[in-house]
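Residue numbers run from 1 in the order of the sequence given.
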Amino acid sequence: MRVLDFTRVIAGPVATRVLGALGTAVLRIDPPSLPELMDHHIDAGFDKRSALADLSEPAVLARVRELMAEADVVVSGYRPGAMARFGLDAATLVAEHPHLTVAELDAWGPAGPWGGMRGFDSIVQAASGIATIYGSGAGDHWRPGALPCQALDHATGYGIAAGLIRLLAERRESGCGGRVHMSLARTAVELMRLPVPEVTGGPAAKSGATSSPEPALRSKTSDFGVLEYVPLPLTIDGELLDYRRPPMLPGSAELAWR
């Protein structure tokens with residue numbers, strides 16, 4: 001299966017990284033004017049090809065539309081409405097290509113007073129109350145806190161991957177695609193519904209952290225040198241799912257599947 005990846009930073013790239021590890025052909029497309037932090041690109045770039053495309057150029061947009069017709073999945077992580085001006089929003093894509101399964105993710109969801117606004121994990125942690133729960137100090141010395149990782153991004157990414165896998169399984173019977181939408185704010189709501197353990201002590205205790213064995217690192221030789229990494233937290237027949245290919249240099253692939 002073929003996946004077009006219009007996502008950046010963590011949440012969307014985590015989703016498409018899972019799909020790539022499961023054997024799909026993932027083509028990540030970035031605008032040339034928005035370079036990404038290299039650490040993020042390397043971490044989420046396994047099992048993907050990386051290309052650049054300026055969608056404001058008619059010839060480039062036409063080529064991307066050709067790729068859409070050949071794709072099975074499209075994942076978009078830009079704020080609501082950003083892809084609509086190019087006719088690449090989920091509603092348009094599903095109408096034009098009924099076989100497509102399309103995922104969209106954003107910070108706040110499509111409705112509400114913040115529906116069209118940009119946002120990222122740490123801001124949503126603050127708005128949802130997570131920063132209050134993990135705050136420290138008292139009185140004038142109180143400071144908001146944060147989860148020990150970008151948990152909203154990662155959880156949303158895995159949720160998108162799960163939704164896409166389910167829809168692709170259903171497509172085998174119906175022949176039709178579908179749509180997945182997730183937001184960091186919705187993920188925060190679901191996490192906030194989980195029971196909070198009664199813990200005391202420092203930051204590690206407050207986060208519910210316990211001692212655990214170090215993960216077994218694996219390594220691959222890449223354009224960035226030898227990369228040590230943790231395999232995906234998924235198993236197939238009892239074996240951890242590993243990546244097939246290391247990440248590519250940004251923009252080093254053509255706008256083509258192979």
For the side chain of Asp153 and the backbone of Asp121, is there at least one donor-acceptor N/O pair under 3.5 Å apart? no

From Ile42 atom CD1 to His40 atom NE2, the distance as rounded to the nearest 0.5 Å: 11.5 Å

Can you name the residues that form a salt bridge (charged side-chain N to carboxylate O under 4.0 Å, His left out) with Glu66, not counting sequence neighbours? Arg63

Between the main-chain N or O of His41 and the side-chain N or O of Arg28, is there a donor-acceptor pair closer than 3.5 Å? no

All ring pair (Phe, Tyr, Trp, His ring centres under 6.0 Å) counterparts of Tyr243, not counting sequence neighbours: Phe46, Tyr229

When hydrophobic residues are tied together by side-chain contacts of less than 4.5 Å, even through go-betweens, does Met182 share a cluster with Val124? no

Side chain of Thr24, backbone of Val26: donor and acceptor closer than 3.5 Å? no

Are the side chains of Pro31 and Arg8 in contact, using a 4.5 Å heavy-atom criterion? yes

If you group Ile, Leu, Val, Met, Phe, Trp and Tyr by side-chain heavy-atom gaps below 4.5 Å, do Ile160 and Ile10 land in one group? yes

Those residues at least two apart in sequence (or on a different chain) that pass ring pair (Phe, Tyr, Trp, His ring centres under 6.0 Å) with Tyr78 are none

Got more than 12 heavy atoms from elsewhere within 6.0 Å of CZ, Arg166? no

Does Arg193 have any salt bridge (charged side-chain N to carboxylate O under 4.0 Å, His left out) partners at least two apart in sequence or in another chain, and if so, which? Glu190

Euclidean distance, Met248 CE relative to Lys48 NZ, rounded to 0.5 Å: 12.5 Å

Atom CE in Met192, atom OG1 in Thr187: separation rounded to 0.5 Å? 13.0 Å

Checking Arg186 side chain against Thr156 main chain: does a donor-acceptor pair fall under 3.5 Å? no

I'd like to know if the side chain of Glu104 and the backbone of Asp89 have a donor-acceptor N/O pair within less than 3.5 Å. no

Any sub-3.5 Å donor-acceptor pair from Thr221's side-chain atoms to Val226's backbone N or O? no

Residues at least two apart in sequence or cross-chain that pass salt bridge (charged side-chain N to carboxylate O under 4.0 Å, His left out) with Arg218, listed by chain then number, are Asp242

For Asp72, salt bridge (charged side-chain N to carboxylate O under 4.0 Å, His left out) partners two or more places apart: Arg171

Side-chain heavy atoms under 4.5 angstrom apart, residues restricted to Ile, Leu, Val, Met, Phe, Trp, Tyr: same cluster for Leu55 and Leu4? yes

Are the side chains of Leu232 and Arg17 in contact, using a 4.5 Å heavy-atom criterion? yes

Within the structure provided, determine whether Leu93 and Met68 are in side-chain contact (heavy-atom separation under 4.5 Å). yes

Backbone N/O of Arg245 and side chain of Asp47: donor-acceptor pair under 3.5 Å: yes

What's the verdict on side chain to side chain contact (heavy atoms under 4.5 Å, CB included) for Glu170 and Cys176, showing C-alpha distance, side-chain angles and the deciding distance? CA-CA 8 Å; Glu170 294 175 355; Cys176 296; over 6 Å; no

Whether the side chain of His141 engages the backbone of Ser136 through a donor-acceptor N/O pair (distance < 3.5 Å, no angle test) should be reported. no

Do the non-hydrogen side-chain atoms of Ile123 and Trp108 ever get within less than 4.5 Å of each other? yes

